[in-house]
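A quick write-up on the structure given underneath.
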Amino acid sequence: MTTRYVMQRDTNGWRLQVWVAFGVAILASAWGVLDLPNENMERAFFAIGLFFSVFSCFSVAKMQRDNRDGQVDTQGWIFTVWVAFAAAMALTTWGLWRMGIDPWHKRFLAVAWLFVVSTTFSLAKTIRDKHEAEMLEQAMQDERTEKPEASPA
């Protein structure tokens, strides 16, 4: 019996949209950080919060995808990934709340930060989907080359 594979690829338009959205989110956040009217320490805090959020989002996305068909990561790693994600979200929220800036600056930074978080998950999924489709395509090609067509007798 032959195994049938269904391979769904994202369109070029979708991939472009995901990358553009991620880039716009990062640029908007960077603009918000650079435009802060406060001390460099607050700028540095929020920039670090953004990096922490992006990397923890990538970690959560990867861990979830790796374990979707059954747990392959240790409980310790899964716990660490979720704690890092919760810490990134909570600490960045707390720092933004405590900043001595105008409410409209806070709202702008909050929206830009949440835009970064959501686009990071979309980007992680898009990159992983492309990788898995390429792996599946390679496996199908390898299977075809290993099994030569049976010639009619």
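We use all heavy atoms of the structure for the numbers below, so side chains are in, but hydrogens, waters and symmetry mates are not. Just so we're clear, the structure is a prediction, and the values are computed from it rather than from any experiment.
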**Item:** Worked check of side-chain contact (heavy atoms from CB on, under 4.5 Å) between T145 and Q141
**Value:** CA-CA 6 Å; T145 58; Q141 287 176 350; 5.6 Å; no

**Request:** Evaluate the criterion side-chain contact (heavy atoms from CB on, under 4.5 Å) for residue pair F79 and D73; output intermediate values, then yes/no.
**Result:** CA-CA 10 Å; F79 179 75; D73 291 328; over 6 Å; no

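Other residues, nucleotides and ligands place more than 12 heavy atoms under 6.0 Å from the CZ atom of F121.
When the side chains of ILVMFWY residues are joined at heavy-atom separations under 4.5 Å, either directly or via intervening members, V116 and V24 end up in two distinct hydrophobic clusters. Connection of L36 to L27 is not established within any shared hydrophobic cluster, with ILVMFWY side chains joined at heavy-atom distances below 4.5 Å, either directly or through further cluster members. Under the 4.5 Å side-chain contact rule for hydrophobic residues, L114 and F108 share a cluster. Criterion: ILVMFWY side-chain heavy atoms under 4.5 Å apart, direct or through other members. Under it, V117 and F115 are not part of a common hydrophobic cluster.
V72 and N67 make their closest contact through N-OD1, 2.6 Å (heavy atoms, listed as atom of the first residue, atom of the second, distance). For D35 against H105, the heavy-atom pair with the smallest separation is O-NE2, 4.0 Å. Nearest heavy-atom pair across E132 and R65 is OE1-NH2, 2.9 Å. Listed here is the closest heavy atom pair of L109 and V33: CD2-N, 4.0 Å. Of all heavy-atom pairs between E42 and G100, the closest is OE2-N, 3.6 Å.
Between R98 atom CZ and F45 atom CZ the span is 11.0 Å, to the nearest 0.5 Å. For the atom pair OG (S118) and CG (L123), the distance works out to 11.0 Å, reported to the nearest 0.5 Å. The CD atom of Q138 lies 10.5 Å from the CG atom of L136; values are rounded to the nearest 0.5 Å. Rounded to the nearest 0.5 angstrom, Q17 CD and N12 CG are separated by 12.5 Å. M140 contributes atom CE, which lies 7.5 Å from atom CD of E137 (distance to the nearest 0.5 angstrom). Rounded to the nearest 0.5 Å, atoms NZ (K125) and CG (D10) are 6.0 Å apart.
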Only pairs under 3.5 Å count here: list side-chain donor-acceptor contacts from residues 88-97, not counting sequence neighbours, and write none if there are none.
residue, atom, partner, partner atom, Å
T92, OG1, A88, O, 2.7
T93, OG1, M89, O, 2.7

Let me check something: any side-chain donor-acceptor pairs from residues 48-64 under 3.5 Å, sequence neighbours excluded? List them with distances.
residue, atom, partner, partner atom, Å
S53, OG, G49, O, 2.8
S53, OG, W113, NE1, 2.9
S56, OG, F52, O, 3.0
S56, OG, S53, O, 3.1
S59, OG, F55, O, 3.0
K62, NZ, D66, OD2, 2.5

